[in-house]
Amino acid sequence: NDSYCPLSTPFLLPEGGSWRELRMWLDVNGTRRQECSCAEMIHGVEELVRFCSSVMTLEPGDVLLTGTPAGVGRLRPGDVVTAGVEGHVQMIVAVVAEE
C-alpha cells in the first residue's frame with residue numbers, strides 16, 4: 001500500500017493534445033479542495049524536464065513532483081481523498097492511521 005505519495009496509473013495525451021489543457025482536481029470527503037489548470041503552472045513541463053535532466057539522468061517512468069495548489073490542508077484517519085486529471089484518470093485513497 002502506498003502511504004506517502006500515491007500515484008495514479010499513467011496515461012498518454014491524445015495525438016495533438018497539450019499538457020496545458022489538462023485540469024486537475026482533488027476532493028476530500030466529497031468536498032472540492034483543489035482544482036487547477038496545468039496552464040497555470042509557473043514553469044512549463046518542457047522547462048522542468050530540461051532543468052532536471054541537466055542535473056540528473058531521467059529514465060522512462062521517472063516522476064517529477066512539482067508541488068500543489070493551495071487548499072488541501074490536513075488529512076485525518078478516515079478521510080477519503082479522490083483526485084484526478086479531468087477526462088483521463090481518477091484515483092481514490094483512504095487515509096488510515098499509522099500502526
Side-chain angles (χ1 to χ4, degrees):
N1 287 334
D2 287 330
S3 60
Y4 293 99
C5 187
L7 299 172
S8 70
T9 55
F11 64 90
L12 297 174
L13 291 176
E15 186 72 32
S18 169
W19 62 267
R20 290 177 182 85
E21 297 169 355
L22 297 175
R23 292 201 56 78
M24 299 179 288
W25 54 270
L26 181 137
D27 295 345
V28 178
N29 302 324
T31 301
R32 184 69 33 110
R33 294 261 192 102
Q34 295 180 309
E35 187 169 13
C36 68
S37 165
C38 288
E40 298 169 15
M41 291 174 60
I42 295 170
H43 302 286
V45 172
E46 295 91 347
E47 184 181 353
L48 291 167
V49 170
R50 186 172 33 257
F51 172 76
C52 290
S53 65
S54 75
V55 296
M56 68 183 86
T57 301
L58 295 176
E59 301 286 343
D62 283 352
V63 175
L64 300 177
L65 301 174
T66 61
T68 184
V72 72
R74 180 174 294 274
L75 297 173
R76 293 178 175 73
D79 286 345
V80 176
V81 178
T82 307
V85 178
E86 199 171 272
H88 294 280
V89 68
Q90 176 178 310
M91 66 181 203
I92 300 172
V93 178
V95 178
V96 297
E98 239 182 304
E99 292 182 14

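Any value given below was found using the heavy atoms of this structure, including those in side chains, with hydrogens, waters and symmetry copies removed. Throughout, residue positions are numbered sequentially from 1 according to the sequence presented.
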Worksheet, complete the sentence: Here the gap from M24 atom CE to E86 atom CD, rounded to the nearest 0.5 Å, amounts to 11.5 Å
Fill in: Shortest non-hydrogen contact from M41 toward L48
CE-CD1, 3.7 Å
Response to the item:
Value for CE (M56) from CG (D62), rounded to nearest 0.5 Å, stands at 8.5 Å
Fill in: Spatial distance of atom SG (C36) from atom CZ (R23) [nearest 0.5 Å]
7.0 Å
Worksheet item: V49, W19: one ILVMFWY side-chain cluster at the under-4.5 Å cut-off?
Response: yes
Worksheet item: Out of curiosity, does W25 fall in the hydrophobic cluster containing V89 (side-chain heavy atoms, cut-off under 4.5 Å, transitive links)?
Response: no
Worksheet item: Rounded to the nearest 0.5 Å, what separation is found between the NE2 atom of H88 and the OG1 atom of T9?
Response: 11.5 Å
Response to the item:
Shortest non-hydrogen pair, S37 vs R20, comes out as OG-O, 3.6 Å
Fill in: Cluster overlap V95 with V28, hydrophobic side-chain contacts below 4.5 Å
yes
Practice prompt. Kindly indicate whether the side chain of L65, heavy atoms from C-beta on, has any atom under 4.5 Å from the side chain of C5.
Written response: yes
Discussion item. If hydrophobic clusters are built by linking Ile, Leu, Val, Met, Phe, Trp and Tyr wherever their side-chain heavy atoms come under 4.5 Å apart, do L26 and I92 end up in the same one?
Written reply: no
Practice prompt. Examine distances only and state if a side-chain atom of Q34 and a backbone atom of P69 form a donor-acceptor pair shorter than 3.5 Å.
Written response: yes
Worksheet item: Once you round to the nearest 0.5 Å, how far does CZ of F51 lie from CG of L64?
Response: 10.5 Å
Worksheet item: In terms of hydrophobic clusters joined by side-chain contacts under 4.5 Å, are V63 and V55 together?
Response: no
Discussion item. What verdict does the side chain to side chain contact (heavy atoms under 4.5 Å, CB included) test give for Q90 and T82, after you've listed the backbone C-alpha separation in whole Å, the side-chain angles of each residue and the deciding distance to 0.1 Å?
Written reply: CA-CA 7 Å; Q90 176 178 310; T82 307; 3.6 Å; yes
Response to the item:
In short, S18 meets L13 closest at the heavy-atom pair C-CD1, 3.7 Å
